[in-house]
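Just so we're on the same page: letters track the sequence lines, and every chain starts at 1.
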Amino acid sequence: MKLSFADRVRTIVRGIRKGQTMTYGQVAAVAGQPGAARSVGTVMKNNYDDSVPCHRVVRADGKIGDYNRGGEARKRALLQEEGAL
DNA sequence: ATAATGACGTGAT
DNA sequence: AATCACGCCATTA
């Protein structure tokens, strides 16, 4: 069975430890598709699995990035709780 | 199969 | 510093 890009991304993000963060571009690169940062976003958007800490994926330009469970504010709060900020 | 979409990235205004 | 414009690419319709 072949793992889609989305599956690899979810796996990678699941592996981000508490207090750590990765940029969309980083995840894409590790997933084997450098330059597909945007696609990582697409995946996150369609991913509703709570086991995937999508809030640990941030933008490369230092911004927080969006979040499908309460927006940027929520995401920022979670990261602060984990000490990622 | 083709077109539209968007939780990005970088460089130019 | 803030915004705009364009390229990028998997996913979705």
Whole angstrom is fine here: how far is it from [atom1] in [X] over to [atom2] in [N]?
X       : N      : atom1 : atom2 : value
A:Leu78 : B:dA7  : CG    : C1'   : 14 Å
A:Arg8  : C:dA10 : CZ    : P     : 9 Å
A:Asp61 : C:dT3  : CG    : P     : 13 Å
A:Glu72 : B:dG6  : CD    : C1'   : 14 Å
A:Asn68 : C:dT11 : CG    : P     : 16 Å
A:Asn47 : C:dT12 : CG    : P     : 10 Å

Base, sugar-phosphate, or nothing: which does [X] touch, judged by heavy atoms less than 4.0 Å apart?
X       : answer
A:Gln33 : sugar-phosphate
A:Ala6  : sugar-phosphate
A:Phe5  : sugar-phosphate

Donor-acceptor pair present, A:Arg38 side chain and C:dG7 base, under 3.5 Å: yes
Go through the N and O atoms of the side chain of A:Tyr24 and the base of B:dA7, and report whether any donor-acceptor pair is under 3.5 Å. yes
Nearest-0.5 Å distance that lies between atom CE in A:Met44 and atom CG in A:Asp66: 12.5 Å
Among the clusters formed by ILVMFWY side chains lying less than 4.5 Å apart, do A:Leu79 and A:Ile16 turn up in the same one? no
When you group the ILVMFWY residues by side-chain heavy-atom contacts below 4.5 Å and let the links chain together, are A:Val57 and A:Leu78 in the same group? no
Close side-chain approach of A:Tyr24 to A:Arg59, heavy-atom, < 4.5 Å: yes
Looking at A:Arg59, I'd like to know whether one of its side-chain N or O atoms comes within less than 4.0 Å of OP1 or OP2 on B:dC8. yes
Let me spell it out: for each of A:Thr42 and A:Ala37, pick the nucleotide of DNA chain B with the closest heavy atom. Which residue's pick is nearer the 5' end? A:Thr42
Using heavy atoms to find the nearest nucleotide of DNA chain C for A:Pro34 and A:Lys63 separately, return the residue whose nucleotide is more 5′. A:Lys63
